[in-house]
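Take a look at the structure below.
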Amino acid sequence: MIETLAVPLQAGLVDAAVAPAYWLLELWYGLLTQLYYLTGLEMLDPTYRFMHRAILMGLCIGVMAPLIGTFLVHRQLALIGDALAHTAFAGVAIGLFLNAAFDFGVSPYLTAVVVAVVAALLIELISEATDAYNDVSMAIVLSTGFALGSTLISINAGGLAVGVNQYLFGNLSTVSPSDAVVLLALFVVIVATVAMTRNQLLYVTFDETAAAVSGISVEWYNRVMVMLTALVVVGAMQIMGVILVAAMLVVPVAGATQLSRSFTESIFVSVALAELAVLIGIGAAYYGGATGGPVIVLVAVAIYVVAVALGRLQTALGEETTPELGAIDGESAEAPSD
């Protein structure tokens with residue numbers, strides 16, 4: 001009797017937990033519908049709710065990716081996004097394989113999250129256990145993940161090869177309400193975690209030795225950072241695709257470093273550049289009939305080129321030289337008070 005009651009009770013708890021996210025999604029639909037009547041833009045048509053969800057996910061990615069990417073770039077870990085993207089691909093392949101071979105009904109995004117987080121921790125553990133440089137551990141995890149994913153696809157090529165394409169390249173039209181809800185949940189977790197640990201992450205980013213001396217658990221915060229990166233990668237995979245997702249962690253941040261004078265300023269500028277790339281990219285992809293992810297990245301790279309030009313113009317006009325990548329002032333990179 002208890003077991004019989006447990007299932008509906010658990011289902012009710014899950015429904016209650018996700019209800020606010022679905023309410024926000026409906027609110028978003030209404031907002032873009034009103035915007036459609038004001039602007040007449042076809043892609044905002046109320047009947048194209050997949051575009052409404054794609055825009056929402058793109059805007060969330062435009063905040064999450066540069067927020068985490070700013071810490072990664074200044075720690076010279078720009079390539080970790082690429083490593084985790086390839087291991088997330090292995091997670092997707094595992095999910096699709098389990099569904100095809102054993103009819104498990106598991107979401108490929110769930111397996112991608114699990115595999116990406118495990119891979120993120122492995123990168124740190126390999127570096128700590130072997131004293132290898134981070135790029136070595138990233139290369140090992142990247143190649144292992146991609147090899148595993150490719151092997152699973154080759155075993156059951158008929159069903160998996162077709163299913164995996166949307167994860168490799170991204171697809172605006174496949175964004176479902178549940179995908180949007182999952183991304184909203186990841187968005188809240190990532191932004192809240194960075195907000196609560198910002199001082200510690202900043203201190204570890206600019207001076208690990210001093211942070212350790214001051215009592216901060218450097219290893220713990222390194223692991224927090226790579227796990228957050230894994231969540232961003234999986235969250236962005238639906239629109240950007242595995243191949244291009246790492247670009248949003250790096251390109252807007254690289255552009256922001258050309259225009260910013262402080263770490264905090266670089267975060268806000270990188271988010272602004274990423275949001276601009278997302279909105280222009282989604283619009284161009286929709287009206288041009290192209291795939292969204294690649295167009296967003298191309299726009300982001302174009303914005304980066306403009307940022308570099310503006311930085312050089314500032315120097316030519318005799319203004320303070322824009323700091324080089326990774327050399328932005330760490331501001332209050334002091335030991336946080338306990």
Side-chain angles (χ1 to χ4, degrees), residues 63-87 116-142 144-145 189-233 246 248-258 260-271 322-338:
V63 174
M64 296 189 305
L67 183 63
I68 300 301
T70 302
F71 290 97
L72 296 178
V73 167
H74 290 93
R75 296 178 65 184
Q76 299 181 354
L77 291 175
L79 291 179
I80 193 172
D82 199 33
L84 294 179
H86 283 76
T87 53
V117 170
V118 170
L121 294 175
L122 278 176
I123 289 174
E124 283 296 311
L125 292 175
I126 291 173
S127 297
E128 294 168 7
T130 64
D131 293 326
Y133 290 110
N134 275 325
D135 58 346
V136 174
S137 58
M138 284 188 282
I140 293 171
V141 170
L142 183 154
T144 303
V189 169
I190 291 167
V191 173
T193 302
V194 173
M196 290 186 294
T197 61
R198 186 260 186 190
N199 289 339
Q200 291 87 344
L201 291 175
L202 180 62
Y203 200 29
V204 171
T205 295
F206 284 96
D207 197 336
E208 282 194 1
T209 302
V213 170
S214 69
I216 295 175
S217 177
V218 174
E219 291 182 357
W220 167 252
Y221 285 103
N222 282 339
R223 289 169 186 171
V224 168
M225 180 53 57
V226 294
M227 286 191 290
L228 290 177
T229 305
L231 295 180
V232 171
V233 166
M248 292 304 288
L249 287 165
V250 177
V251 178
V253 178
T257 57
Q258 304 297 315
S260 307
R261 307 295 178 183
S262 68
F263 187 84
T264 299
E265 184 181 343
S266 71
I267 290 179
F268 285 109
V269 173
S270 63
V271 168
T322 304
E324 295 294 328
L325 187 65
I328 287 181
D329 176 25
E331 307 159 335
S332 58
E334 303 172 355
S337 57
D338 296 327

* **Those residues that, when tested against E219, pass side-chain contact (heavy atoms from CB on, under 4.5 Å) (two or more places apart)** => E128, R223
* Are the side chain of T144 and the backbone N or O of V141 linked by a donor-acceptor pair below 3.5 Å? -> no
* To do: Only counting residues at least two apart or in another chain, list the ones meeting side-chain contact (heavy atoms from CB on, under 4.5 Å) with V226.
  => I80, A120, E124
* **Over all atoms of both residues, closest heavy-atom pair of M138 and L79** => SD-C, 3.7 Å
* Structure fact -> Closest heavy-atom pair, Y203 versus S214, reported as atoms and distance to 0.1 Å, is CE2-OG, 3.3 Å
* Check whether any side-chain heavy atom of H74 sits under 4.5 Å from a side-chain heavy atom of T257, and report yes or no. => yes
* Could I get the full list of side-chain contact (heavy atoms from CB on, under 4.5 Å) partners for V224, not counting sequence neighbours? => T193, W220, L228
* Of the non-hydrogen atoms in P66 and P252, which two are nearest, and what is the gap between them? -> CG-CB, 4.4 Å
* Write down the atom of A85, the atom of V233, and the distance for their closest heavy-atom approach. => CA-CG1, 3.5 Å
* Kindly write out the residues that satisfy side-chain contact (heavy atoms from CB on, under 4.5 Å) with L201, not counting sequence neighbours, or none if the list is empty. => F71, T197, Y221, M225
* Just how far is it from atom OG1 of T229 to atom CD1 of I123, taken to the nearest 0.5 Å? -> 9.0 Å
* Asked: Can you name the one residue among V232, V73, T70, D82 that meets side-chain contact (heavy atoms from CB on, under 4.5 Å) with L249?
  -> V232
* With no hydrogens and no angle check, is any side-chain donor or acceptor of S270 less than 3.5 Å from a backbone partner on I267? -> yes
* **Nearest heavy-atom neighbours spanning A116 and L84** => O-CD2, 3.7 Å
* Structure fact -> Between A65 and M248 the two heavy atoms that sit nearest each other are CB-O, 3.3 Å
